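One structure below.
Just so it is clear, the structure is predicted and the values come from calculations on it, not from any experiment. Chain identifiers are assigned alphabetically (A, B, ...) following the order of the sequence lines, protein sequences preceding nucleic acid strands; residue numbering begins at 1 within each chain.
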Amino acid sequence: MKSVVEALLSQAIETLKQQGVLAEDVSPRINIQNTKDKSHGDLACNIAMMLAKPAGMNPRALAEQIIASLPADPRINEAQIAGPGFINFFVNDSWLEQQVSESLADEHLGIKRAIQGETIVVDYSSPNLAKEMHVGHLRSSIIGDAVVKALEFEGHTVIRQNHVGDWGTQFGMLLAYMEEQQNNGESLDLADLEGFYRASKQRFDDSEDFATRARELVVALQSGDEYCNKLWAEFNSISLEHCLALYKRLGVSLTAKDVRGESAYNNDLQTIVEELTQAKLLTESQGAQCVFLDEFKNKEGETLPIIVQKAGGGFLYATSDLAAIRYRAQQLNADRVLYFVDQRQALHFNQVFALAHKAGFASEQTSLEHLGFGTMNGADGKPFKTRSGGTVKLVDLLDEAEERAIALVRSKNPDMSEEELNKIGKAVGIASVKYADLSKDRARDYIFNFDQMLSFEGNTAPYLMYAYTRVASIFEKAELDMNSIQGDIRLEHEKEKDLANKLMQFSEVLSRVTLKGQPHALCSYIYEVAGLFSSFYENCPILSADSEEQKLSRLRLAALAGRTIKQGLNILGISTLEKM
RNA sequence: GCGCUUGUAGCUCAGCUGGAUAGAGUACCUGGCUACGAACCAGGUGGUCGUAGGUUCGACUCCUACCAAGCGCACCA
């Protein structure tokens, strides 16, 4: 709808240019906004105020000229001047009716798929395989996956990359411990990965012999020793199974084939250093191979180094990140590479991205974007920890969420069977954790609070899931299929129009999610849709409508609302329930 | 020391590339169930948008300085 008004306005501006009212060289960005106040019409534009000064005109006078030059269009009832020079557009209801009816008829809800879809590599989750996944991995996994799903819904080609930490010195310690256990004839117990890590760390600290063996194993591993690599592969495969089980439980779409860990770039690291040398970007400093970029200079004129190779010859994460960028840009042909990684690594990524462009690992056309996020804090505002101060395992967090959700659902449905209770409780528990995270701007730290996220009131997963079941319930009662119902929608009641208007904004919200990596915009949107639906539901009887025609029309509108909520939640990685 | 992020109602958070009177939820107060699921809806109280300047017709939004919190700044990732 915005695009229609935008087209009309740009035509009007062209006309005024021809008439000499506006200078030829003005090419303003036409910004159409949804109005907040009904008296301002449906859509508004501030273009007259932007152009008034360069045109040397009074904004209202210019607005008047623009309106006079607008081509007539049956879809727009009226354009008015308001306030200091806004132009308010009143949309023809029949156009809105047509739009919602068309969206209902489309299984893709009227959202156009990108004509020229981009190839977008998304790096997210990326846990360290040496340890068990903890709460710190939650945000990357969930937010990244939501953006991935939104991009795919828009018709882009997404290549998921789970850049797991499967390399590095800590693996020597783990392999040494594995070896020791196997030699002692003990069965390998990796069920508790965290415990295994702690135990091997303990051995490493306590025994000099063990530590020596661990260091030997790292060297052996890196030089391609067969025995060592077999141990390593065994360990990783078990550790990865833990991750995959959690993804499945969380509804995160990452699979084994999306894994391309640090180790995948081992053979490229030397090449990266050589290419940097050839490009004359490399400098030796204190024995290490470094790149100094002028962009990263402090006030004293000291440039920050990007260390690519240690004094001892070892490589660092900057090196493998550069190799990953080269692979993604050159092999995967990425138009964009998105990194959902902790905000704390912002400097590192800024440096690596700048260097990658400079060294030609990625062309200037390849957009490298670090979409960072803040810390997950407890109720006290400090990083979320267990009572004893340790990191919270992701499994434990999800267990607790499910338990609490089951208790909650039970309290609302005392007679429900254990089986159903379990099913609904689990869905609600996981959804609550995910939604609480997704609904906040990722850049900020956020306070994790079970009571708040499991509440049925406010912008929470349970409220939205409930809203959906109410729609589903109508269709069950009417013995109709929400997904196949079609036909014309008439908008008579004010609440119907409000809902319809909001439903037509799905696509612009989606683009904000994909362009800026902000799923919280989608959360707010679904919440608004659910709220407007509730209001419509309260004010407009559906099954007991005045006429059969009205009943069908309202059913169709309800169906579009229900399907929008469901689709929106699915993009967020939250599945809906027909009953709860 | 330098840099990044954040600072909006008692609390948890929105506020889209500067736009019309700063919005939700929660808490608190008022109404509405012989139910298309009240797990809901309608309404009210509550904010000098960290502070001070500046740019602008117009600033929560942009610029500068300062204050506060968190986090980064050479061989961990």
To the nearest Å, give me how far apart [atom1] ([X]) and [atom2] ([N]) are.
| X | N | atom1 | atom2 | value |
| --- | --- | --- | --- | --- |
| A:Gln351 | B:C4 | CD | C1' | 12 Å |
| A:Glu295 | B:G3 | CD | C1' | 15 Å |
| A:Tyr446 | B:G25 | OH | P | 22 Å |
| A:Gln345 | B:U5 | CD | C1' | 15 Å |
| A:Asn459 | B:U12 | CG | P | 16 Å |
| A:Ile32 | B:G18 | CD1 | C1' | 16 Å |
| A:Gln505 | B:A14 | CD | C1' | 15 Å |
| A:Ile81 | B:C57 | CD1 | C1' | 16 Å |

Check the pair A:Arg470, A:Ser534 against side-chain hydrogen bond (donor to acceptor under 3.5 Å, both in side chains), reporting the backbone distance first and the verdict last.
-> CA-CA 9 Å; A:Arg470 290 215 296 184; A:Ser534 289; 3.1 Å; yes
Sorted by first residue and then second, give each salt bridge (charged side-chain N to carboxylate O under 4.0 Å, His left out) pair with at least one member in residues 432-448 of chain A; sequence neighbours left out.
-> A:Arg139-A:Asp437
In the structure shown, which nucleotide is the Watson-Crick or G-U wobble counterpart of [N], with both distances under 3.5 Å?
| N | value |
| --- | --- |
| B:G58 | none |
| B:A42 | B:U30 |
| B:G3 | B:C71 |
| B:U64 | B:A52 |
| B:A20 | none |
| B:A35 | none |
| B:G25 | B:C11 |

Distance between the [atom1] atoms of [N] and [M], in whole angstroms?
| N | M | atom1 | answer |
| --- | --- | --- | --- |
| B:A68 | B:G32 | C1' | 46 Å |
| B:U8 | B:G44 | P | 25 Å |
| B:C29 | B:U48 | C1' | 26 Å |
| B:C40 | B:G25 | P | 12 Å |
| B:C13 | B:G50 | P | 16 Å |
| B:G10 | B:U56 | C1' | 35 Å |
| B:C73 | B:C66 | P | 24 Å |
| B:U5 | B:G43 | P | 39 Å |

Are A:Lys382 and A:Asp380 within salt-bridge range, i.e. N to O under 4.0 Å?
-> no
Check ion pair A:Arg490-A:Glu549 (N to O, under 4.0 angstrom) = yes
OP1, OP2 of B:A42 versus side-chain N and O of A:Ser535: anything below 4.0 Å?
-> yes
Give a yes/no answer on whether the side chain of A:Arg512 brings an N or O atom under 4.0 Å of OP1 or OP2 in B:A14.
-> no
A correct 5'-to-3' footprint of nucleotides 30-40 of chain B, with B, S and - meaning base, sugar-phosphate only and no protein heavy atom under 4.0 Å, is --B---BBSBS
For A:Lys201 and A:Asp205, run salt bridge (charged side-chain N to carboxylate O under 4.0 Å, His left out): C-alpha distance rounded to whole Å, both residues' side-chain angles, the deciding distance at 0.1 Å, then the answer.
-> CA-CA 6 Å; A:Lys201 179 81 167 66; A:Asp205 292 339; 3.1 Å; yes
Closer to the 5' end of RNA chain B via nearest nucleotide, is it A:Lys2 or A:Ile87?
-> A:Lys2
Does A:Asn350 or A:Ser524 map to a spot on RNA chain B nearer the 5' end, using the closest nucleotide for each?
->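 Looking at the nearest nucleotide for each, A:Asn350 comes out on the 5' side.
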Kindly state whether the ring of A:Tyr525 and the ring of A:Phe506 have centres lying under 6.0 angstrom apart.
-> yes
Ring centers of A:Phe384, A:His134 separated by less than 6.0 Å =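 When the ring centroids of A:Phe384 and A:His134 are compared, they turn out to be at least 6.0 Å apart.
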Sequence-distant partners of [X], salt bridge (Lys or Arg N to Asp or Glu O under 4.0 Å), two or more places apart:
| X | result |
| --- | --- |
| A:Arg336 | A:Glu369 |
| A:Asp166 | none |
| A:Lys495 | none |
| A:Asp451 | A:Arg404 |

Using nucleotides 7-11 of chain B, report all nitrogen or oxygen pairs with the protein that are shorter than 3.5 Å.
| unit_1 | atom_1 | unit_2 | atom_2 | d |
| --- | --- | --- | --- | --- |
| B:G7 | OP1 | A:Arg444 | NH1 | 3.3 |

Do we see A:His40 stacking on the base of B:A20, given a limit of 5.5 Å between centres and 30° between planes?
-> yes
With centres under 5.5 Å and planes under 30°, do A:Tyr527 and B:A24 count as stacked?
-> no
Does the A:His370 side chain pair with the main chain of A:Val341, one donor and one acceptor, at a distance under 3.5 Å?
-> yes
Identify, with sequence neighbours excluded, every residue that meets side chain to side chain contact (heavy atoms under 4.5 Å, CB included) alongside A:Pro541.
-> A:Ser544, A:Arg554
Begin from the C-alpha positions of A:Glu508 and A:Asn34 and carry the test side-chain hydrogen bond (donor to acceptor under 3.5 Å, both in side chains) through to its verdict.
-> CA-CA 11 Å; A:Glu508 62 190 76; A:Asn34 301 307; 2.9 Å; yes
Sorted by number, the residues of residues 44-57 of chain A with heavy-atom contact under 4.0 Å to RNA chain B |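 Within this stretch, A:Ala44, A:Asn46, A:Met49, A:Lys53 sit under 4.0 Å of the strand.
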Could you pull out all donor-acceptor pairs under 3.5 Å where a side-chain atom in residues 347-356 of chain A meets a protein atom, sequence neighbours excluded?
| unit_1 | atom_1 | unit_2 | atom_2 | d |
| --- | --- | --- | --- | --- |
| A:His348 | ND1 | A:Tyr317 | OH | 3.3 |
| A:His348 | NE2 | A:Asp321 | OD2 | 2.7 |
| A:Asn350 | ND2 | A:Ala346 | O | 3.4 |

Does any pair with a residue in residues 452-473 of chain A pass ring-ring contact (aromatic ring centres under 6.0 Å, His included), and if so which ones, sequence neighbours excluded?
-> A:Tyr463-A:Tyr527
On the 0 to 90° scale, with breaks at 30° and 60°, tag the A:Phe450-A:Phe448 ring pair as parallel, tilted or perpendicular.
-> perpendicular
Base, sugar-phosphate, or nothing: which does A:Asp451 touch, judged by heavy atoms less than 4.0 Å apart?
->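 No contact at all - A:Asp451 keeps every heavy atom at 4.0 Å or more from the nucleic acid.
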Across the strands shown, which category fits A:Asp441 at heavy-atom distances under 4.0 angstrom: base, sugar-phosphate, nothing?
-> sugar-phosphate
Are there any protein N/O atoms within less than 3.5 Å of an N/O atom in nucleotides 67-75 of chain B, and if so, which ones and at what distance?
| unit_1 | atom_1 | unit_2 | atom_2 | d |
| --- | --- | --- | --- | --- |
| B:A74 | N1 | A:Ser285 | OG | 2.7 |
| B:C75 | O2 | A:Ala311 | N | 2.8 |
| B:C75 | N4 | A:Gln286 | O | 2.7 |

